[in-house]
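Below is one structure, written out as structure tokens; comments come after it.
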Amino acid sequence: MKVAYWPGCVSRGFTPELHGSMAKVAPLLDIELVELDRACCSGAGVIAEHNQELADTLNARTFALAQQVEGAEMMMNICSTCQGAQSECQERLDASASYRERVNGTLASEGLSYEKGLTNKNFLWLLVEEIGLDALRSRVTRPLTNLKVGPFYGCYIVRPRQRLGIDEEHPRDQYLHQVIDTLGGTVIEYAGMRKCCGFPIITMNKEASLKQAGRHLGDAVDAEADCLVTPCPLCHLNLDLQQPLAEGVVGRDLEMPVLHLPQLVGLALGLEPKELGFKRHVVRPTSVIDWSTSVVGAAA
Amino acid sequence: MAESHGRPPEPFTLRLRRYDPESGEAPYWDEHTIELEPHRSVLEAILQARDRFDGSIGIRCSCRQAICGSCGVRVNGEPALACHTHLDAARRSARDGVIEIEPMGNMPVIKDLIVDMDAVHWKKIQRVTPWLIGKQPVPEREYLVPRESMVDVTQTMACIQCGACVSDCLAMEVDPLFIGPAALAKAYRFVGDPRDDEHFVRLNDLAQDQHGMFDCTHCFKCVDACPKDVNPMGQIMRLRRIATADHHIVDQNNGERHEAAFASLIRDNGLLWEAELLPRSYGGNSWLGKFHPRAGKELISSLPSIVKALLRGKVTPMGALKPHRIPKQDLKSVQSIYERIDGRDRSSGQRFELNLYIVGEDEPPPPEEPVVAAVVAEAGASAAEPPGGLATEGEQPAEPTSPEGSTSE
């Protein structure tokens with residue numbers, strides 16, 4: 001399937017391994033990525049906090065660019081925070097024709113216009129709802145047998161439920177569980193899996209922010225997870241990049257590797273840790289690399 | 001749940017969290033199976049368990065119809081009013097078919113399902129001066145205010161002080177001093193009220209407080225927790241917007257600097273430049289920000305992470321020094337959008353904000369699932385309260401075609 005692909009900023013900045021591994025995984029799933037390289041940052045909720053109409057207009061521009069991609073079935077992102085921020089803007093744009101007209105008026109000088117009803121899905125949603133778990137399972141060449149993976153959902157992709165279309169028919173707040181299970185891994189549940197990583201307040205209340213990251217990582221350590229997996233690069237920043245500082249705040253060693261969702265999928269589809277940019281993580285996914293080596297060794 | 005009306009009583013098993021701090025015993029789980037019609041409430045089930053099996057079960061309740069806010073608990077891990085949760089829905093969301101009921105979080109337990117609201121919730125409400133400080137001179141007859149301003153504050157006035165949002169606030173979990181969602185929503189009730197004379201004082205107080213409006217982590221927990229669609233987090237974001245954009249309050253918590261740095265980095269590059277965002281959030285919104293002592297102190301304390309990030313090639317020196325940008329022509333377009341909206345708003349002192357709570361949807365989505373319609377109809381018939389979320393906004397008694405949202409001065 002062909003999608004208008006929004007990678008976000010951080011996947012091309014501080015977490016380049018995310019963008020890179022998505023590019024490697026897409027062809028294995030027959031996803032054709034048409035990158036929206038002209039679009040700007042979703043604002044991560046911060047631009048909306050500054051000026052709501054500005055955030056709505058910038059995202060309407062992204063949506064309009066996505067709608068111009070010929071043959072694309074939908075827009076896809078690899079950043080939960082973008083998903084949340086964009087869904088909020090889209091809710092307002094789709095609710096009011098007069099507002100849409102106003103916003104499109106601003107976009108008109110560029111010849112762009114957003115038409116109500118764009119479908120914008122995070123890679124996680126697309127995996128489950130478009131590709132399907134059965135099709136995903138059939139492509140697994142290296143099942144994650146005995147790999148204990150803790151899902152870390154974060155906030156933007158699970159709340160608010162109504163805006164994100166989460167209900168009994170679309171249990172999107174269970175999808176990471178389902179994907180880990182489909183890839184052959186063992187799901188490890190722990191208290192913090194749907195809590196905030198702390199990133200949004202890292203500059204405002206650093207101690208509280210790192211305490212959040214440290215607690216969730218500690219919970220995962222206690223539950224004996226080998227690694228965590230997250231669909232959000234900003235969560236990755238607080239859980240991985242800041243982990244050395246979080247260890248200091250919670251006063252314990254953590255050493256918990258955190259994978260991006262495409263990395264975990266890529267591993268099960270047979271890609272090597274090297275191709276997935278594991279070396280760029282602050283906390284080396286040693287447990288995962290050891291696991292993959294042992295699996296390859298056993299097969300040979 | 002219309003389909004469950006008229007169904008005969010069924011057995012439901014409850015797992016109750018029991019705790020009596022005065023006993024010196026540890027908390028424990030207690031299971032009881034009761035019989036009730038599936039549309040009846042979790043509260044009725046708890047009361048039946050108390051009446052039939054164990055008179056010592058502690059639960060606080062009064063109106064039993066989602067108005068008094070007394071029976072806030074956690075049902076299957078999520079905050080809810082016990083009287084506002086149907087038994088069949090609760091069983092569907094249970095992990096193992098047993099409905100798990102615990103006291104609310106972030107507040108000390110007095111006994112079983114009763115928490116100490118005075119120690120936390122009410123103290124925080126008092127913190128925000130929860131009364132109107134009227135503009136002087138008081139008019140001879142009444143204050144005249146725009147209709148939409150009053151509709152706007154009715155959203156926060158709908159709060160029934162049940163504490164569900166406080167229970168699950170993730171910022172409060174790590175910072176118990178955080179003023180929190182209920183109290184900050186209450187603060188907006190007065191900041192959004194044109195009759196109040198102390199907008200600046202209130203906002204400055206809540207912005208400078210280290211546990212104030214900038215302590216919110218934007219996790220949406222309170223939005224989903226609220227049984228009355230108060231949208232506390234949305235109100236907190238509006239407090240921030242009004243404090244920074246309208247009152248130009250620069251706080252000691254880096255809230256304003258962070259927001260300004262973020263917005264201008266996107267204007268200048270189209271994409272976020274992470275290496276520049278942090279020092280500017282501390283040191284001030286310019287390239288020179290990183291040389292401010294506040295930024296220097298911060299950089300030093302972050303060294304363990306920075307060094308590792310450089311060693312692993314996560315961050316390259318060039319990447320830190322040079323932003324990634326969108327193509328020139330597109331950057332121009334983004335900048336012209338900034339100029340047309342942000343620039344206009346800055347010079348006019350007016351902002352346009354579409355507030356769906358006030359204007360409602362002028363194009364309600366087609367009814368995809370008949371279930372939604374049934375819920376709306378049921379709530380309408382019982383007239384107890386509006387249903388949550390967008391459906392509520394559609395129900396607001398406002399001119400649905402009005403394009404004007406609220407504008408602030």
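Lettering follows sequence order; numbering is per chain, from 1.
- A:C40 contributes atom SG, which lies 10.5 Å from atom CD of B:Q335 (distance to the nearest 0.5 angstrom).
- The backbone N or O of B:C219 sits less than 3.5 Å from a side-chain atom of A:R159, completing a donor-acceptor pair.
- For B:Y338, the parts lying near chain A are the backbone and the side chain together; criterion is any non-hydrogen pair under 4.5 Å.
- Between atom CZ of residue A:R12 and atom CD of residue B:E274 there is a gap of 10.5 Å, rounded to the nearest 0.5 Å.
- Distance check, rounded to the nearest 0.5 Å: CG of B:D224 to CD1 of A:I166 gives 8.0 Å.
- Contacts of A:V10 with chain B are made by both backbone and side-chain atoms, with heavy-atom separations under 4.5 Å.
- For A:A208 against B:V174, the heavy-atom pair with the smallest separation is O-CG2, 3.6 Å.
- Heavy atoms of A:E168 lying under 4.5 Å from chain B belong exclusively to its side chain.
- Contact of A:R38 with chain B is made through backbone and side chain together, with heavy-atom distances under 4.5 Å.
- For A:E110, the part lying near chain B is the side chain, with the backbone staying farther off; criterion is any non-hydrogen pair under 4.5 Å.
- Nearest heavy atoms, B:V334 versus A:R61: CG2-NH1, 4.0 Å.
- Atom CD1 in B:I341 sits 6.5 Å away from atom CG in A:N51 (nearest 0.5 Å).
- For A:A44, the side chain to side chain contact (heavy atoms under 4.5 Å, CB included) criterion is met by A:T81, B:F262, not counting sequence neighbours.
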| task | Go through the steps for A:R92 and B:L356 under the test side-chain contact (heavy atoms from CB on, under 4.5 Å), then give the verdict. | result | CA-CA 7 Å; A:R92 284 188 288 268; B:L356 292 175; 4.2 Å; yes

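- The side-chain contact (heavy atoms from CB on, under 4.5 Å) test with A:I201 is passed by exactly one of B:N253, B:N254, B:D215: B:D215.
- Comparing B:E259, B:E298, B:M237 by how many heavy-atom pairs each has under 4.5 Å with chain A, the most go to B:E259.
- Heavy-atom distances place both the backbone and the side chain of B:R241 under 4.5 Å from chain A.
- B:Y282 touches chain A through its side chain: at least one heavy atom from C-beta onward sits under 4.5 Å away, while N, CA, C and O do not.
- Interface remark: B:K221 contributes backbone and side-chain atoms alike to the contact with chain A (heavy atom separation under 4.5 Å).
- Salt-bridge annotation for A:K211 and B:E173: absent, with no side-chain N of the basic residue lying under 4.0 Å from a carboxylate O of the acidic one.
- Heavy-atom pairs under 4.5 Å with chain A peak, among B:G77, B:S93, B:S301, B:A171, at B:S301.
- Contacts with chain A were tallied for B:I266, B:I236, B:L331, B:V223; B:I266 has the most, counting heavy-atom pairs under 4.5 Å.
- Remark: the backbone N or O of A:L241 is paired with a side-chain donor or acceptor of B:S305 at under 3.5 angstrom.
- Residue contact with chain A, scored on non-hydrogen atoms closer than 4.5 Å, involves the side chain of B:R344 exclusively.
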| said: Using side-chain contact (heavy atoms from CB on, under 4.5 Å), reason through B:D342 and A:H50 one step at a time and then give a plain yes or no. | reply: CA-CA 9 Å; B:D342 208 23; A:H50 169 76; 3.1 Å; yes

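- To the nearest 0.5 angstrom, B:E353 atom CD is 9.5 Å from A:D56 atom CG.
- Residue A:L112 does not touch chain B at all, counting heavy-atom pairs closer than 4.5 Å.
- The two atoms that bring B:L271 and A:A39 nearest to each other are CD2-O, 4.1 Å, heavy atoms only.
- Side-chain atoms of B:K314 come within 3.5 Å of backbone atoms of A:F14 as a donor-acceptor pair (strictly under, hydrogens ignored).
- Separation of atoms CG (B:L354) and CG (A:L93) is listed at 8.5 Å; rounding is to 0.5 Å.
- B:R351 places no side-chain N or O within donor-acceptor distance of the main-chain N or O of A:E53, the cut-off being under 3.5 Å.
- Using a 30° and 60° split on the angle between ring planes, B:F220 and A:Y156 fall in the perpendicular class, above 60°.
- Of the atoms belonging to B:R294, not a single heavy atom falls under 4.5 Å from chain A.
- Residue contact with chain A, scored on non-hydrogen atoms closer than 4.5 Å, involves the side chain of B:S281 exclusively.
- For B:R312, there are no salt bridge (Lys or Arg N to Asp or Glu O under 4.0 Å) partners at least two apart in sequence or on another chain.
- Counting only heavy atoms from C-beta outward, the side chains of A:P160 and B:M233 never approach each other to under 4.5 Å.
- With chain A as partner, the option from B:I326, B:T217, B:D168 having the largest number of non-hydrogen pairs under 4.5 angstrom is B:T217.
- Top candidate by heavy-atom pairs under 4.5 Å with chain A, chosen from B:R257, B:K308, B:H218, is B:H218.
- No other option in B:S302, B:P327, B:S336 has as many heavy-atom pairs under 4.5 Å with chain A as B:S302.
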